Amino acid sequence: HARKVLRDPQEFYRPSSLLFAKRIFHMACALLSAPYPSVHFAKYSYSMHSYNTYDEIKDAIEADERGLLTEYYRTIAVPSILASRPQLVGFSVPYFSQLIPMFILAHMLKERDPSLHISIGGPVPTWGKHILACDPRFGQWLDSVAIGEADQTFLELVESLNGRGERDQVRNFLHYV
């Protein structure tokens with residue numbers, strides 16, 4: 001019933017129905033998180049760890065070794081992504097709540113295929129560009145970071161990866177060596 005409320009325009013705008021659905025969602029998230037002490041799966045969060053520095057992100061990845069998303073990534077997402085043998089995987093990170101899950105997935109992809117080019121972009125990496133630029137250790141998970149609008153420059157990155165341009169000439173991208 002909760003899913004129906006969230007998808008039905010009439011039910012969604014009925015306060016008592018919406019409150020019911022939100023409570024069910026909250027309880028489901030608590031159940032999903034219960035077996036994983038380092039995880040708090042919720043509407044706008046996944047990890048209870050801070051993400052202001054490389055060390056905090058590394059700690060979050062290590063703490064999630066047996067976490068909810070890690071299991072899903074290990075058994076389903078990573079094999080599915082790598083099955084098509086991509087040269088490049090890009091992540092858009094519009095919300096801070098997606099940062100730790102993105103780094104966990106990037107870490108797992110790099111473990112399985114170190115040659116894979118991983119690029120991130122979106123409001124969160126743009127906001128944190130100084131942190132990302134000042135610490136080259138992020139290069140163990142990422143190859144490039146789009147800063148600001150990147151619709152056109154992402155195409156330039158793809159072209160450079162295909163040998164039709166110089167990677168260091170791609171605008172608005174931070175590159176790790």
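Predicted, not measured: the structure shown is a model, and the values here were computed from it.
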Exercise. Should we count CZ of R164 as having more than 12 external heavy atoms under 6.0 Å?
Worked result: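 Enclosed.
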For this session: Decide if atom CD of E149 counts as having more than 12 heavy atoms of other residues, nucleotides or ligands within a radius under 6.0 Å.
Result: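 No.
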Exercise. Do D55 and R137 meet the salt-bridge criterion of a basic N to acidic O distance under 4.0 Å?
Worked result: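 Yes, charged N to carboxylate O under 4.0 Å.
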Hey, any chance [X] and [Y] share a hydrophobic cluster, counting ILVMFWY side chains that come within less than 4.5 Å of each other, even indirectly?
X	Y	value
L116	F154	no
I76	V78	yes
I131	F173	no
L82	L69	yes
Y95	L132	no

Problem set entry | Pair F138 and F103, ring centroids less than 6.0 Å apart |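 F138 vs F103: aromatic centres under 6.0 Å.
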Problem set entry | Between W141 and F91, ring centroids under 6.0 Å |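 No; F91 has its ring centre 6.0 Å or more from that of W141.
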Does a side-chain heavy-atom distance below 4.5 Å link [X] with [Y]?
X	Y	value
I147	P125	no
R167	H117	yes
F20	R23	no
P101	Y73	yes
N162	Q87	yes
V93	P123	no
I118	K110	yes
M108	T70	yes

Is there a donor-acceptor pair under 3.5 Å between the side chain of [X] and the backbone N or O of [Y]?
X	Y	answer
S160	L157	yes
E159	L155	no
T153	E156	no
D113	S115	yes

Problem set entry | Passing option when L161 is tested against V170, D143, L88 for side-chain contact (heavy atoms from CB on, under 4.5 Å) |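 Single pass found, and it is L88.
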For this session: Please report the shortest heavy-atom distance between P79 and R112, naming the atom on each side.
Result: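 Closest heavy-atom pair between P79 and R112: CG-NH1, 4.2 Å.
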For this session: Give the minimum heavy-atom separation between A60 and I100, together with the two atoms involved.
Result: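 For A60 versus I100, the nearest heavy atoms are CB-CD1, 3.7 Å.
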[X] side, atom [atom1]; [Y] side, atom [atom2] - distance, nearest 0.5 Å:
X	Y	atom1	atom2	answer
I104	R74	CD1	CZ	10.5 Å
K129	N172	NZ	CG	10.0 Å
L105	Q98	CG	CD	12.0 Å
E62	I57	CD	CD1	12.5 Å
Y176	S119	OH	OG	10.5 Å
Q10	R14	CD	CZ	7.0 Å

Exercise. Where do Q140 and H107 land on the side chain to side chain contact (heavy atoms under 4.5 Å, CB included) test, with the steps shown first?
Worked result: CA-CA 8 Å; Q140 76 175 340; H107 169 72; 5.7 Å; no
For this session: Only one of E11, K4, H1 passes side chain to side chain donor-acceptor pair (under 3.5 Å) with S17; say which it is.
Result: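 The single option meeting the side chain to side chain donor-acceptor pair (under 3.5 Å) with S17 is E11.
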